[in-house]
Asks: 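Below you will find the structure I want to go over with you.
Order of the sequence lines fixes the chain letters, A, B, ..., with proteins taken first and strands second; residue numbering starts at 1 for each chain.
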Amino acid sequence: MKQNLQLYNTISRKKEVFEPLHAPHVGMYVCGPTVYSDVHLGNCRTFISFDLIFRYLKYSGYKVRYVRNITDAGHLEGDRDEGDDKFAKRAKLEQLEPMEIVQKYTLGFREVMGMFNTLPPSIEPTATGHIIEQIEMIKTIIANGYAYEVDGTIYFDVEKYSKQYNYTILTNRNLEDMLANTRELGGQDDKHGRLDFALWIKAKPETLMQWVSPWGMGFPGWHIECSAMSAKYLGQEFDIHGGGMDLAATHHTNEIAQSEACSHHQPAKYWMHTNMLTVNGTRMSKSAGNGFLPGELFTGNHPLLRKGYSPMTVKFFMLQAHYRSTLDFSNDALDASEKGFRRLMNALSLLPKLVASEQGEVEIDPIRVNCENAMNDDFNSPVVIAELFEAARIINTVYDGATKINSTELDKLKNLMNDFVVDVFGLKDEDTSNAELNDVLDMVIALRKEAKENKDYATSDLIRVGLQNIGIQLKDSKEGTTWSKS
RNA sequence: GGUCGAGUGGCCGAGAGGCUUAGGCUCAGCUCUGCAAAAGCUGCUACAGCGGUUCGAAUCCGCUCUCGACCUCCA
């Protein structure tokens with residue numbers, strides 16, 4: 001187990017040494033998607049980042065329980081704690097049951113995450129599956145005096161809570177100003193203070209998703225599900241809580257408040273937030289209408305895209321930036337990542353063909369140390385990629401016979417590439433070659449070889465250019481001709 | 001207005017007081033090659049601006065300019 005991992009904690013606003021509460025076990029909770037519509041690329045970035053963290057923690061020897069929820073109830077359109085929730089609205093639009101909406105977009109989400117080759121979480125709980133736990137938690141919060149009922153709706157009393165606890169611990173905002181501002185703006189609400197938020201919301205007769213509670217028919221507020229489910233599966237105190245940066249100010253702030261009001265201590269030791277994906281400098285979001293859907297991305301069928309990009313290209317593109325930096329989505333950047341990724345994959349495919357020498361002139365250990373140091377420094381994947389390109393250069397020069405490697409170092413090289421490219425990054429080659437195509441191309445290459453031997457370069461070039469035009473690139477070498485999709 | 005963060009070479013993107021010319025892409029040249037492609041080598045040496053601290057600053061401090069996120073639903 002590595003004891004020198006450092007990660008950035010939003011609460012302290014600095015990097016801290018990672019010390020799990022119960023090593024070697026690590027509990028990590030990440031706020032998952034609200035499944036009322038297709039995920040867009042910005043959503044994916046967060047989950048790809050936490051997949052990287054999950055994978056590296058496992059690489060480091062930790063036994064990780066990774067919980068990522070599916071929000072399938074209680075997420076309202078605005079923060080007014082009134083009106084229908086997003087599922088009901090979408091259900092009306094698509095003329096489906098709310099749970100059909102949930103099912104449809106849950107499956108879609110998992111399919112996309114599968115294409116990005118992310119690992120499934122250890123537990124993927126849903127809000128609707130944990131209504132009882134949420135009700136129990138709300139009852140405790142009321143009993144502890146931090147919530148009040150108004151006509152079947154339960155509100156969290158932020159002002160009272162803030163007298164004993166630090167409500168703005170995550171964002172460092174000035175609570176006095178916030179309270180002052182919101183008092184002026186309020187008025188027609190049932191809440192005592194506009195900072196107060198709903199734990200449980202009274203259902204109208206026509207509300208599609210509603211449950212029995214001590215306060216009548218209703219449904220849970222958005223924030224309570226994460227507090228209830230993280231406590232259930234990871235305990236009242238666990239190691240890492242993560243999510244997108246946009247969740248810190250409201251959702252995570254309220255989660256901490258709920259948990260403290262219930263159990264009197266903070267739920268998570270480390271809070272990690274991933275930065276936003278931007279398009280032309282502004283945040284990709286559903287409401288702004290600048291989000292790419294997976295299908296649009298892969299086919300290139302979108303006004304802002306010149307062409308399509310494969311899931312692995314996009315994932316590689318994301319890993320080339322640090323998770324706490326904004327990342328701007330552009331065609332030029334994607335093109336560069338596509339070529340870089342191909343280069344890395346080509347090197348990887350040469351690895352089994354390398355031949356060891358008696359004497360070697362390269363050492364692999366320093367590269368692994370650099371990779372681990374980079375990951376231990378708050379999961380700095382861009383630096384790891386730079387190291388992997390150094391390894392790729394070694395692979396290429398060994399393959400060309402320009403560098404010699406002994407068998408010990410060759411094994412280390414293979415292990416290094418497997419550990420970081422496959423296990424930690426979850427990257428894989430996407431060449432969708434099949435046996436039939438292989439056979440056909442072998443035959444074509446044999447014909448071209450014959451033409452070349454007869455110095456019939458007109459024919460050999462005809463074959464090469466013809467294949468190139470349909471996206472297959474031939475590469476001649478001393479050992480023969482190979483091909484790849486270009 | 002408040003809170004936080006960012007401005008790095010043609011592009012993307014790490015670094016955070018001296019010893020990275022990070023890395024990828026692009027471009028130019030060379031090697032290899034029947035021609036290509038791939039690969040390798042070489043070159044393009046940047047840190048928004050102005051001051052300050054320091055023997056030394058992209059990296060610390062101050063000011064200025066520009067941009068973004070959050071403070072309203074959003075990963």
Side-chain angles (χ1 to χ4, degrees), chain A residues 10 13 30-34 36-37 39-50 75-80 85-86 168 170-174 177-178 181-182 185 194 222 242-251 253 273-278 281-288 291 316-317 320-322 324-344 346-347 350 370 374 377 380-390 392-393 395-397 399-400 402-403 452 455 457-458 460-461 464-465 468 473-478 481-484 486:
Chain A
T10 306
R13 282 171 281 282
V30 173
C31 291
T34 302
Y36 72 102
S37 67
V39 284
H40 63 76
L41 218 53
N43 305 119
C44 295
R45 185 187 184 199
T46 291
F47 304 125
I48 287 173
S49 294
F50 282 105
H75 203 154
L76 299 180
E77 278 291 317
D79 197 32
R80 310 285 310 202
D85 70 18
K86 296 183 174 191
T168 56
L170 269 184
T171 52
N172 204 28
R173 287 169 299 176
N174 185 323
D177 290 351
M178 291 169 72
N181 282 337
T182 52
L185 291 168
R194 272 291 299 279
W222 174 37
M245 258 180 197
D246 51 342
L247 297 183
T250 304
H251 183 57
T253 290
H273 290 98
T274 57
N275 215 323
M276 298 292 106
L277 186 67
T278 60
T282 56
R283 174 183 169 187
M284 181 182 284
S285 74
K286 285 177 183 174
S287 50
F316 185 74
F317 164 70
Q320 276 185 301
H322 189 260
R324 280 193 294 116
S325 300
T326 55
L327 175 61
D328 199 54
F329 192 92
S330 72
N331 287 281
D332 286 345
L334 264 295
D335 284 344
S337 290
E338 186 172 57
K339 290 185 179 169
F341 178 64
R342 276 261 60 84
R343 186 171 144 80
L344 192 63
N346 283 338
L350 292 178
N370 289 344
D377 182 16
N380 197 329
S381 55
V383 169
V384 175
I385 288 176
E387 293 296 324
L388 293 178
F389 277 113
E390 169 63 16
R393 197 183 59 75
I395 291 170
N396 287 327
T397 55
Y399 182 73
D400 288 343
T403 302
K452 280 174 67 176
K455 301 252 192 276
Y457 295 123
S460 75
D461 286 357
R464 178 168 53 74
V465 174
Q468 189 162 20
Q473 177 71 55
L474 295 183
K475 295 174 201 168
D476 294 334
S477 73
K478 285 165 194 154
T481 300
T482 57
W483 62 274
S484 65
S486 53

Asks: Does A:R393 have any salt bridge (charged side-chain N to carboxylate O under 4.0 Å, His left out) partners at least two apart in sequence or in another chain, and if so, which?
Replies: A:E390
Asks: Is there a side-chain polar atom (N or O) of A:N346 under 4.0 Å from OP1 or OP2 of B:rA39?
Replies: no
Asks: Between the base of B:rC12 and the side chain of A:D328, is there a donor-acceptor distance below 3.5 Å?
Replies: no
Asks: Please measure how far the C1' atom in B:rC50 lies from the corresponding atom in B:rA57, and state the result in whole Å.
Replies: 15 Å
Asks: By a 5.5 angstrom centroid cut-off and a 30 degree plane limit, is there stacking between A:Y457 and B:rG34?
Replies: yes
Asks: What contact category does A:G281 fall into here, base, sugar-phosphate, or nothing, at under 4.0 angstrom with non-hydrogen atoms?
Replies: sugar-phosphate
Asks: For A:M276, report the nucleic acid contact type (base, sugar-phosphate, nothing); a contact means any heavy atom under 4.0 Å.
Replies: base
Asks: Rounding to the closest angstrom, what is the interatomic distance between B:rG18 and B:rG51 at atom P?
Replies: 24 Å
Asks: Go through B:rG40, B:rC73, B:rG13 for me and flag the one nearest to the A:R393 side chain.
Replies: B:rG40
Asks: Nearest of B:rG13, B:rA39, B:rA36 to any side-chain atom of A:Q473?
Replies: B:rA36
Asks: Mind checking what makes side-chain hydrogen bond (donor to acceptor under 3.5 Å, both in side chains) contact with A:T481, not counting sequence neighbours?
Replies: A:D476
Asks: Quote, to the nearest angstrom, the P distance that separates B:rU8 from B:rC47.
Replies: 10 Å
Asks: Pairs counted only when both distances fall under 3.5 Å, Watson-Crick or G-U: show me the 5' to 3' dot-bracket for RNA chain B, [ ] for pseudoknotted crossings and | for other-strand partners.
Replies: (((((((..(((.....[....))).(((((.......)))))....(((((..]....))))))))))))....
Asks: List for me each residue that meets ring-ring contact (aromatic ring centres under 6.0 Å, His included) alongside A:F50, sequence neighbours excluded, and say none if there are none.
Replies: none
Asks: Can you give one letter per nucleotide of nucleotides 17-32 of chain B, going 5' to 3': B for a protein heavy atom under 4.0 Å from the base, S for sugar-phosphate only, - for none?
Replies: -----BSBSS------
Asks: Working note: A:T326 + A:T278, criterion side chain to side chain donor-acceptor pair (under 3.5 Å); need CA distance, chi angles, decisive distance, verdict.
Replies: CA-CA 7 Å; A:T326 55; A:T278 60; 5.3 Å; no
Asks: Is the shortest side-chain N/O distance from A:N396 to OP1 or OP2 of B:rG40 below 4.0 Å?
Replies: yes
Asks: For a quick test of reading the model: is some side-chain N or O of A:T250 closer than 4.0 Å to OP1 or OP2 of B:rC71?
Replies: yes
Asks: Given the P atoms of B:rG23 and B:rU45, what is the spacing between them in whole Å?
Replies: 15 Å
Asks: Rounding to the closest angstrom, what is the interatomic distance between B:rA58 and B:rG7 at atom C1'?
Replies: 11 Å
Asks: For nucleotides 4-9 of chain B, list the nitrogen or oxygen atoms of the protein found under 3.5 Å from its nitrogen or oxygen atoms, one pair per line.
Replies:
from	atom 1	to	atom 2	distance (Å)
B:rC4	OP1	A:N172	ND2	3.4

Asks: According to the interplanar angle, ranging from 0 to 90°, do the rings of A:F317 and A:F329 count as parallel (below 30°), tilted (30 to 60°) or perpendicular (above 60°)?
Replies: perpendicular
Asks: Under 4.5 Å between any side-chain heavy atoms of A:V384 and A:L388, yes or no?
Replies: yes
Asks: Can you tell me, in whole Å, how much space there is between the P of B:rC32 and that of B:rA22?
Replies: 30 Å
